[in-house]
Amino acid sequence: MQDIVVYLRSRAKFGDQVVSFPALYQLKQWWPQAKLRVVVQHDVASYYRQLPWVDECVQVQGLCDALRAIPKRADLAVCLHHTSERYGLISLLRQPRARLGFRNGRLFDFAWTHAWPKNINEYIGLANLYLLNTYRPLQAETIVRRCFEEIAALAPERRPSADIVLIPGGGDGDFKRWGINNFVALADLLKARLGGGTRFSFVLGPAESAEQAMLQALMRPDFDLVSGRPIPELAALMLDARLVVANDCGPSHIGQGVCVPYVGVFNESNPEWFWDRPYAANVCPPPGLSDIQAVPPRQVADACFRVLRAPPVYLSGQQDADAA
């Protein structure tokens with residue numbers, strides 16, 4: 001195996017990039033000597049250039065650029081984009097030895113030598129690994145955990161692990177933001193059950209300046225504010241956390257990727273962006289409502305106590321079954 005080309009989804013959001021990391025990691029684990037090239041349509045190359053298992057990231061504008069990005073007769077092409085016909089066409093024109101892509105009722109679905117059916121009820125990061133599993137069996141959860149362990153190792157300075165990580169962001173707008181007052185109320189409920197020594201790390205981005213000011217005004221010694229930190233530092237912070245609670249946002253996929261007990265708060269059920277496992281829970285408003293503010297802190301706290309009773313796979317000593 002000499003040349004591997006991976007076409008990523010044409011999305012610029014932070015979370016869309018994070019969910020692709022484990023699949024790229026696994027490809028390099030299988031073929032460490034191969035050149036792994038990632039092809040993107042948006043200005044997201046900075047996310048991939050920091051990954052030691054990505055050799056090159058190419059930004060393309062159209063079909064001709066995307067076609068030139070793959071050498072003729074490359075060893076392997078992987079398409080993580082599930083809605084465009086162009087990648088099936090590229091695969092037919094370039095004829096890589098193996099062609100992996102999602103079946104999604106498209107004209108060029110026949111182009112793939114190995115395919116996985118696209119299912120919007122399947123966590124997208126897991127679906128990427130299921131696609132790789134059609135080529136060679138793998139253990140998804142173990143791979144994802146190891147991927148983020150290696151990312152965490154890139155942090156120049158590792159923060160002490162947090163007891164509980166809270167992520168109140170929501171880049172798409174207020175409809176995804178549960179609200180900082182709810183997160184503070186949740187912290188109090190958790191602390192009452194888990195003990196007075198419990199500490200909380202709030203992960204904040206540039207869009208959470210108001211939330212940061214509100215938390216600073218509280219002057220609580222049990223609150224640590226983690227603002228604007230790079231992915232390796234966030235992964236290191238969450239790897240050994242007791243629990244992660246997050247809105248539906250980009251950093252939430254780091255929280256899910258480190259494979260610790262996790263609770264997501266959503267304005268509506270969104271299984272494509274929530275990895276359903278025994279030690280994970282998603283909390284939504286009551287049926288018929290889509291206002292995330294209708295979720296009471298007590299409901300989220302109850303979900304937290306449930307997932308804390310279910311040890312993650314890497315702690316239980318069990319391995320997840322092959323994806324197929």
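What you are looking at is a predicted structure, and each value in this text was computed from that prediction instead of being measured. All heavy atoms count here, side chains included; hydrogens, waters and symmetry mates do not.
Annotation: side chain of Leu186 is in contact with side chain of Trp178 (closest heavy-atom distance under 4.5 Å). Side-chain contact between Phe183 and Leu215 is absent, with no heavy atoms from C-beta onward closer than 4.5 Å. Counting heavy atoms from C-beta on, the side chains of Pro285 and Asp291 never come closer than 4.5 Å. Annotation: side chain of Glu56 is not in contact with side chain of Arg49 (no heavy-atom distance under 4.5 Å). Annotation: side chain of Ile292 is in contact with side chain of Val265 (closest heavy-atom distance under 4.5 Å).
Looking at Asn104, its side chain does come within 3.5 Å of a backbone N or O of His82 through a donor-acceptor pair. Between the Arg106 side chain and the Ser84 main chain, a donor and an acceptor come within less than 3.5 Å of each other. Not one N or O on the side chain of Arg145 forms a donor-acceptor pair closer than 3.5 Å with the backbone of Cys259. Gln293 places a side-chain N or O within donor-acceptor distance of the main-chain N or O of Arg177, the cut-off being under 3.5 Å. Formation of a donor-acceptor pair under 3.5 Å by the Gln17 side chain with backbone atoms of Lys13 is found in this model. No donor-acceptor distance shorter than 3.5 angstrom exists from the side chain of Asn267 to the backbone of Lys176, with no hydrogens or angles considered. Side chain of Asp248 to main chain of Phe266: no donor-acceptor pair is present (N/O by atom type, distance under 3.5 Å, no hydrogens or angles). Proximity of a side-chain donor or acceptor of His253 to a complementary backbone N or O of Gly255 within less than 3.5 Å is not detected. Remark: the backbone N or O of Val78 is not paired with any side-chain donor or acceptor of Arg99 at under 3.5 angstrom.
Applying the under-4.5 Å side-chain rule to Ile, Leu, Val, Met, Phe, Trp and Tyr, the cluster around Leu63 extends to Val5, Tyr7, Val39, Val58, Val60, Leu67, Ile70, Tyr87, Leu89, Ile90, Leu92, Leu93, Leu107, Phe108, Phe110, Trp112.
For Phe274, there are no ring-ring contact (aromatic ring centres under 6.0 Å, His included) partners two or more places apart in sequence or in a different chain.
Salt bridge annotation for Asp55-Lys28: present, with a cationic side-chain nitrogen under 4.0 angstrom from a carboxylate oxygen. A salt bridge does not link Lys191 with Asp188: every distance from a Lys NZ or Arg NE/NH1/NH2 to an Asp or Glu carboxylate oxygen is 4.0 Å or more.
A donor and an acceptor atom, one from each side chain of Ser10 and His81, are located under 3.5 Å apart. Side-chain contact of Gln59 with Asp65: a donor-acceptor pair under 3.5 Å is absent, judged by distance alone.
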For a side chain to side chain contact (heavy atoms under 4.5 Å, CB included) check, start with the C-alpha distance between Val263 and Arg306, then their side-chain angles and the critical distance, and finish with the verdict.
CA-CA 10 Å; Val263 173; Arg306 286 199 306 274; over 6 Å; no
Check against side-chain hydrogen bond (donor to acceptor under 3.5 Å, both in side chains), Ser227 and Gln212:
CA-CA 8 Å; Ser227 181; Gln212 181 167 342; 3.1 Å; yes
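In summary, the aromatic rings of Tyr279 and Tyr262 are positioned with their centroids too far apart to meet the 6.0 Å limit. Aromatic ring centres of Phe148 and Tyr25 lie farther apart than the 6.0 Å criterion allows. Taking the six-membered ring for Trp and the full ring otherwise, Phe21 and Tyr47 have centroids separated by 6.0 Å or more.
Residues Ala235 and Ile254 come closest through the heavy atom pair CA-CG2, 3.8 Å. Scanning all heavy atoms of the two residues, the minimum distance from Gln256 to Trp273 falls at NE2-O, 3.3 Å. Smallest separation of non-hydrogen atoms from Glu122 and Ala127: OE1-CB, 3.5 Å. Nearest heavy-atom pair across Ala246 and Ser252 is CB-CB, 3.8 Å. Across every non-hydrogen atom of Pro251 and Met238, the tightest pair is O-CE, 4.1 Å. Considering all non-hydrogen atoms of both residues, Tyr48 and Asp16 come closest at OH-O, 4.5 Å.
Both cation-pi conditions hold for Arg193 and Phe305: the charged atom is under 6.0 angstrom from the six-membered ring centre and inside a 45 degree cone around its axis.
With rounding to the nearest 0.5 Å, the separation of CG in Leu308 from CG in Leu190 is 8.0 Å. Taken to the nearest 0.5 Å, the CG atom of Leu76 stands 5.5 Å off from the CD1 atom of Ile4. The CG atom of Leu8 sits 9.0 Å away from the SG atom of Cys79 when rounded to the nearest 0.5 Å. A distance of 13.5 Å separates CG in Leu80 from CZ in Arg11, rounded to the nearest 0.5 Å. In this structure, CZ on Arg146 lies 9.0 Å from CD on Gln26, to the nearest 0.5 angstrom. Between Ile124 atom CD1 and Asn119 atom CG the span is 11.5 Å, to the nearest 0.5 Å.
For CZ of Arg220, the number of neighbouring non-hydrogen atoms (other residues, nucleotides, ligands) closer than 6.0 Å is greater than 12. Enclosure of atom CZ in Arg136 by more than 12 non-hydrogen atoms of other residues, nucleotides or ligands within 6.0 angstrom is indicated. Applying the 6.0 Å contact sphere to CG of Asn121 captures more than 12 heavy atoms from other residues, nucleotides or ligands.
A parallel orientation is assigned to the rings of Trp275 and Tyr123, their planes being inclined by less than 30° (bins at 30° and 60°).
Exactly one residue among Arg97, Gln2, Lys35 makes a side chain to side chain donor-acceptor pair (under 3.5 Å) with Asp75. That residue is Arg97.
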